[in-house]
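Read through the structure below, which is laid out as structure tokens, and then see the notes.
What you are looking at is a predicted structure, and each value in this text was computed from that prediction instead of being measured.
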Amino acid sequence: MITSTRSSAGELSATAARHLLLHMTPNGSLGPEGEDLFVVRRGEGPYVEDADGRRYIDGLSGLYCCQLGYSYGPEFAEAAEKQLRELCYSPLWTGSAHPAAIELAERLSRIAPVDIEHTFFSGGGAEAVETAWKIARRHHALNGEPGRTKAIARRGAYHGLTIGALSLTDDPGLTDPYGPPAIDTRFVSNTSRFGLAPEFADDTAFTAHLLAELEAEILAERPETIAMLIAEPVQNRGGCITPPQGYWQGLRALADRYGFLLVADEVITAFGRVGEWFGGDLYGARPDMVTVAKGITAGYAPMGATLVSTQVAEVINRPGAVLNHGYTFAGHPLSAAIALRNLEIMERDRILDNVRGLQDNLANRMTALTDLRIVGDVRGAGFFYSCELVGDLDGGGFSDRARADLIVGLIPRRLREAGLLARVYNRSAPLVQIAPPLISDRALLDRIAAIVAGTLAEASARL
């Protein structure tokens, strides 16, 4: 076994500061010896331990990946060893495949939404999203509609950081540094109703409003130019935004009426996060494609996939048609073997039942946080919740000082001091988000909610 030759937190942090470029991080702002770096050394159950030996509740499942926590290593190691002894690598390229990828594709077809029968593997979520775009473009071209070159996504959405997926992401801070988007994308409202007029508290009225806006955008752009619409069943960016009743059925109806493809981005919501195999199942979604990653391997190996309906596959699989697209490590035998073991464990240990049995308690504990002055809204589903924070200014915003003191300073510091890793967004709508491992029991979920409540109560008192 290979282990680090540097054992102390200080040595690891200093080496990282000299050699490691972190993602989504102002690397130049870290101390010269990596003083601000949080180094995670090991995990057990729903906990991780830092390089100094302090234990934390992993309230974000790594990065929405570690559905099973950190104690299934021996089982995954066994699956990995068996696969590596048999076959370490073989590409899914030019008419070649291997058993692990074939078996996983068949296994996914059995739990996927209705009519989803085919899988194109990739290395992660952004690659899965770009694959969905390429398949959509190829599908329409083969159907004699090459003019379908536009996409529709939702405001505030995040779909990945590769240059194509970034085009579908509505965040100027992420997109502006890289120039014009690779995909011509239009953005429509997401399904958050916080701060909207009272009549939108009614699902029927809100759904009708959202679908009318979407249809107007389609007609303005001309339906024959739209290739696909992509949306998350529960939108992560903006704070676990759930849809109103009838919304996904309405998306399906518009896709059928105007001929574009409907893509459910389930990179976060699939594999039990909201109590179902796929988040769209909770809301009656009938997509043409589904993008997944993260929980497909429970974080034990990298993998992404684009799940494709029979209707779409029949077009791109026409005799003589070629899908000129692929990734060297897509469907890697090791990742496929680990994904298969993950699905086996989730069924054997009734992981979805655990979420279903405890989600109401978590919902009640989180909803109670709206009693705090700083909490404007709480939303989410399953083991996936956010608190949208409101501040010291009229209209619910934060002054620069309050934002620096509370959102940048106090809240993340107090959560960490209390032993909880959660996500604190410092954007136009500040958020505190949790997505604990799906193995969490009631006591742990109550502890998470209590830490969040105590932290936000202190922050409220300082407004």
Side-chain angles (χ1 to χ4, degrees), residues 23 62-65 67 83 88-109 111-113 116-139 151 153 157-169 182-183 227-228 230 232 236 261 263-271 277-280 287-309 312-313 316-317 322-340 342-343:
H23 303 193
L63 194 61
Y64 320 104
C65 297
Q67 316 288 62
Q83 180 59 58
C88 69
Y89 174 76
S90 184
L92 303 180
W93 202 275
T94 59
S96 175
H98 58 82
I102 294 169
E103 291 170 21
L104 179 57
E106 189 277 334
R107 181 68 187 85
L108 290 170
S109 74
I111 62 172
I116 301 287
E117 296 284 345
H118 301 76
T119 297
F120 189 104
F121 289 110
S122 57
E127 290 182 0
V129 168
E130 295 219 9
T131 296
W133 172 249
K134 282 192 170 183
I135 289 176
R137 290 282 290 121
R138 188 67 177 135
H139 171 271
Y158 173 91
H159 294 289
L161 292 176
T162 55
I163 201 65
L166 193 62
S167 304
L168 308 168
T169 294
I183 301 170
M228 76 178 203
I230 187 167
E232 299 161 275
N236 175 50
L261 299 184
V263 180
D265 182 350
E266 299 236 27
V267 168
I268 290 176
T269 54
F271 305 106
W277 282 116
F278 293 87
D288 297 295
M289 289 184 277
V290 180
T291 58
V292 300
K294 296 187 184 288
I296 192 173
T297 61
Y300 280 86
M303 175 170 265
T306 305
L307 312 186
V308 182
S309 71
V312 173
I316 63 173
N317 288 345
V322 178
L323 183 60
N324 287 312
H325 176 58
Y327 304 104
T328 299
F329 292 108
H332 190 282
L334 176 63
S335 296
I338 285 178
L340 283 164
N342 177 46
L343 297 178

Once you round to the nearest 0.5 Å, how far does [atom1] of [X] lie from [atom2] of [Y]?
X      : Y      : atom1 : atom2 : value
Leu261 : Met228 : CG    : CE    : 8.5 Å
Leu323 : Asn317 : CG    : CG    : 8.5 Å
Thr297 : Leu334 : OG1   : CG    : 9.5 Å
Ile135 : Thr306 : CD1   : OG1   : 5.5 Å
Leu104 : Met303 : CG    : CE    : 5.5 Å
Tyr64  : Thr269 : OH    : OG1   : 12.0 Å

So [Y] and [X], do their side chains get closer than 4.5 Å, heavy atoms only?
X      : Y      : value
Val129 : Leu168 : yes
Thr169 : Leu161 : no
Asn342 : Tyr300 : no
Leu307 : Met289 : no
Trp133 : Val263 : no
Leu343 : Leu108 : yes

When you measure from the side chain of [X] to the backbone of [Y], do you find a donor-acceptor pair of N or O atoms at a distance under 3.5 Å?
X      : Y      : value
Gln83  : Cys88  : no
Ser167 : Ala182 : yes
Glu232 : Ala157 : no
His98  : Gly331 : yes

Minimum heavy-atom separation for [X] to [Y], with atom names?
X      : Y      : value
Gly160 : Ala126 : CA-CB, 4.0 Å
Phe121 : Ala330 : O-CB, 3.1 Å
Ile183 : Ala151 : CG2-CB, 4.0 Å
Pro333 : Ser90  : CG-N, 3.8 Å
Gln67  : Gly295 : CG-CA, 3.7 Å
Val290 : Glu266 : CG1-CG, 3.6 Å

### Message
Please tell me whether Ser109 and His118 have a donor and an acceptor in their side chains that are separated by less than 3.5 angstrom.
### Response
no
### Query
Any chance the side chains of Asp265 and Thr291 put a donor and an acceptor closer than 3.5 Å?
yes
### Summary
residues 123-139 vs salt bridge (charged side-chain N to carboxylate O under 4.0 Å, His left out), sequence neighbours excluded, gives none
### Message
Determine whether Tyr158 and Ile268 satisfy the following criterion, side-chain contact (heavy atoms from CB on, under 4.5 Å), listing intermediate values before the conclusion.
### Response
CA-CA 11 Å; Tyr158 173 91; Ile268 290 176; over 6 Å; no
### Task
If the plane angle is over 60° it's perpendicular, under 30° parallel, otherwise tilted; pick one for His325 and Tyr327.
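The rings of His325 and Tyr327 stand perpendicular, inter-plane angle above 60°.
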### Task
Can you label the angle between the Phe329 ring and the Tyr89 ring as parallel, tilted or perpendicular, going by 30° and 60°?
perpendicular
### Task
For Ala97, check side-chain contact (heavy atoms from CB on, under 4.5 Å) against everything at least two apart and list the hits.
Leu92, Ile102
